[in-house]
Protein chains: 2
Amino acid sequence: MNETLSVLMNHRSIRKFKQEEVSQEQLASIVAAGQMASTSSNVQAYSVIAVTEPGLKKQLAALAGGQAYVEQCPVFLVWCADLYRLKRVTEEHRPDQTSYEDSTENFIIATIDAALAAQNAAIAAESMGLGIVYIGGIRNHIAEVAELLGLPELVYPVFGMCVGVPDQEPGLRPRLPQAAVLHMNGYDANQTMEQVKLYDETMGHYLSERTSGERTTPWSEIMAVRLTEPVRLHMKSFLEQKGFLKQ
Amino acid sequence: MNETLSVLMNHRSIRKFKQEEVSQEQLASIVAAGQMASTSSNVQAYSVIAVTEPGLKKQLAALAGGQAYVEQCPVFLVWCADLYRLKRVTEEHRPDQTSYEDSTENFIIATIDAALAAQNAAIAAESMGLGIVYIGGIRNHIAEVAELLGLPELVYPVFGMCVGVPDQEPGLRPRLPQAAVLHMNGYDANQTMEQVKLYDETMGHYLSERTSGERTTPWSEIMAVRLTEPVRLHMKSFLEQKGFLKQ
């Protein structure tokens, strides 16, 4: 296994950080790696806000559901899908033409661009001995987060990412068996559902070991609970209000 | 620079592949690396279809706008956002409860999960000396692609990815200056637009050099053309028909 595969295969989310800085040089390398990710037709439709100011991190931690590590990490990155730049240059070069920044297609492009850049940045950080955790919780109060960070129209915070020196070494969490997610030449619904049963056992043992037998809920049941929770139902109206997803 | 950073910083999209196979072991490693990417609350809401069957690749190449490398690459991966598994286990464990697979939030989660896994897979492939290119063109005729691959409700093809042994060595394409995408503690609209001006010059020179002076269009103008093109306006109705994005 080469060094890069080893970094990729040893990912675990880090939720406890040492009181050590991430240097400007490290941050620049992390974001530079993010920038080298693929981008649809070179649109580069994302931005990243690096939050280092303690008061701001504290507010974001509260808005994200009181996740202490958002406050404690030295750098909190907020990855944003960003069609604002494109809209501005379109107003400049083609002021009288209809533009499609509000299409579902362009929303998807910008969201993917942000995600690919973020994942490259995550791998870069981990290769340098830093740890990261993605924070979807910033979408809990997304309008407040957007206001706090001064995001203009056509920019939305996709997720946050804590970055810092790890102060814990969690175990690797087992993933679905490969045959559940990898299909050859066509989708195999029976196969994926059979593999879920195997994963239920795997995750039952894993949870049981980590909680001294207290929790043994199968993955599929945890997922059923999750999908029946009305989580962040404000997203559609927030995004429309920001100029996205109108057609 | 460590080995992993070097892989990340040397990404270029590969559109010409040697007539060499990608082995089953390589494919397994690539997908395993994808699976180790972060996933929102462990939902793992994605699938990947590995297309190796020549007839199927040929059809996909045509549907993607006649991109020959889709047919020529030994493995064409179709990365899908997948809430089908979650819906099925919810029907099993909570048959009488309302579920939210059609929320914009869950659409975003599944799309991001697919993108993070795909980017890990891309890095894994590149670290093994293989080359990749993302293919957004599979969204040109997305309904036909979904049907060809037998995708059930709540699964949509986000993008394709050619994987193979590179038979070309393109130059690195310059990205936006870092100050255009990286903001400290808040979005800086003036800064990002100033940096776009610098990038216009950079890309003008880059294009000019690659086309012996024939093309010098600034990036911002190319983007303005792009944003005024009515591209893939079928996405919203397709996704709704697949069960996504209804609320």
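Note on naming: letters A, B, ... go to the chains in the order of the sequence lines (proteins, then strands), and numbering restarts at 1 for each one.
- In this structure, Val48(B) and His183(A) have side chains that are not in contact, with every pair of non-hydrogen atoms separated by 4.5 Å or more.
- Heavy atoms closer than 4.5 Å to chain A are found nowhere in Lys197(B), neither backbone nor side chain.
- Using a 4.5 Å cut-off between heavy atoms, Ala28(B) contacts chain A through both its backbone and its side chain.
- Here the side chains of Asn42(A) and Arg173(B) are in contact, with some heavy-atom distance below 4.5 Å.
- Residues of residues 108-115 of chain B lying within less than 4.5 angstrom of chain A, judged on heavy atoms, are Ile108(B), Ile109(B), Thr111(B), Ile112(B), Ala115(B) in numerical order.
- Two residues are said to be in side-chain contact when any heavy atoms from C-beta on lie closer than 4.5 Å; Leu233(A) and Tyr100(B) meet this criterion.
- If you measure heavy-atom distances from Asn106(B) to chain A, the contacts under 4.5 Å come from the side chain alone.
- Contact between Leu5(B) and Ala124(A) at its shortest, heavy atoms only, is CD2-CB, 3.5 Å.
- For chain A, the option among Glu91(B), Lys57(B), Met235(B) with the highest count of heavy-atom pairs below 4.5 Å is Met235(B).
- With a 4.5 angstrom heavy-atom cutoff, Val155(B) touches chain A only via side-chain atoms.
- By number of non-hydrogen pairs under 4.5 angstrom with chain A, the leading residue of Ser237(B), Ser127(B), Gly150(B) is Ser127(B).
- Without hydrogens or angle criteria, Arg175(A) side chain to Gln44(B) main chain gives no donor-acceptor distance under 3.5 Å.
- Options Asn2(A), Thr39(A), Val51(A), Thr228(A) differ in how many heavy-atom pairs under 4.5 Å they form with chain B, and the most are formed by Thr228(A).
- Side-chain atoms of Phe107(A) and Lys236(B), non-hydrogen and from C-beta on, never get closer than 4.5 Å to each other.
- Residue with the most contacts toward chain A among Ser40(B), Pro152(B), Ala189(B), Gly136(B): Pro152(B) (heavy-atom pairs, distance under 4.5 Å).
- With a 4.5 Å cut-off on non-hydrogen atoms, Ser13(B) touches chain A through its side chain but not through its backbone.
- Looking at Val7(B), the atoms closer than 4.5 Å to chain A (heavy atoms on both sides) all sit in the side chain, from C-beta outward.
- Heavy atoms closer than 4.5 Å to chain A are found in both the backbone and the side chain of Ser41(B).
- For a heavy-atom cut-off of 4.5 Å, chain B lies close to Asp82(A), Tyr84(A), Arg85(A), Leu86(A), Lys87(A), Arg88(A) in residues 81-88 of chain A.
- Heavy-atom pairs under 4.5 Å with chain A peak, among Asn120(B), Val78(B), Leu56(B), at Asn120(B).
- In this structure the side chain of Thr104(B) reaches within 4.5 angstrom of the side chain of Leu245(A), judged on heavy atoms.
- For Tyr199(A), the part sitting under 4.5 Å from any heavy atom of chain B is the side chain, from C-beta outward, and nothing else.
- Residue contact with chain A, scored on non-hydrogen atoms closer than 4.5 Å, involves the backbone and the side chain of Arg232(B) alike.
- Taking 4.5 Å as the limit, every side-chain heavy atom of Leu149(B) sits out of range of all side-chain heavy atoms of Tyr187(A).
- Contact detail for Ser38(B) and His11(A): the closest heavy-atom pair is OG-NE2, 3.0 Å.
- Of the listed residues (Val225(B), Val75(B), Leu151(B)), the greatest number of heavy-atom pairs within a distance under 4.5 Å of chain A belongs to Val225(B).
- Taking chain B as the reference chain and counting heavy-atom pairs below 4.5 Å, the highest number among His234(A), Met128(A), Glu92(A), Glu229(A) is found for Glu229(A).
- The contact between Tyr156(B) and chain A is made entirely by side chain atoms (from C-beta outward), counting heavy-atom distances below 4.5 Å.
- Put simply, of Ser103(A), Ala37(A), Ala180(A), the one with the most heavy-atom pairs under 4.5 Å next to chain B is Ala37(A).
- For Pro157(B), no part lies under 4.5 angstrom from a heavy atom of chain A.
- Heavy atoms closer than 4.5 Å to chain B are found in the backbone of Pro177(A), but not in its side chain.
- Put simply, the side chain of Leu116(B) reaches to within 4.5 Å of the side chain of Tyr134(A), judged on heavy atoms.
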- Evaluate the side-chain contact (heavy atoms from CB on, under 4.5 Å) criterion for residues Ser220(A) and His93(B): first the C-alpha distance (whole Å), next the side-chain angles of each, then the deciding distance (0.1 Å), finally the verdict. CA-CA 8 Å; Ser220(A) 62; His93(B) 290 289; 2.7 Å; yes

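- Between chain A and the residues Arg12(B), Met193(B), Arg94(B), the largest count of heavy-atom pairs under 4.5 Å involves Arg94(B).
- Interface remark: Val43(B) contributes backbone and side-chain atoms alike to the contact with chain A (heavy atom separation under 4.5 Å).
- Interface remark: Phe244(B) contributes no atoms to any contact with chain A (heavy atom separation under 4.5 Å).
- What you find for Asn185(A) and Thr52(B) is that their closest heavy atoms are OD1-N, 2.8 Å.
- The two residues Met36(B) and Leu8(A) have their closest heavy-atom pair at CB-O, 3.4 Å.
- Heavy atoms of Glu126(B) lying under 4.5 Å from chain A are absent altogether.
- Between chain B and the residues Met1(A), Met203(A), Glu101(A), the most heavy-atom pairs under 4.5 angstrom are made by Glu101(A).
- Using a 4.5 Å cut-off between heavy atoms, Leu172(B) contacts chain A through its side chain alone, with no backbone atom that close.
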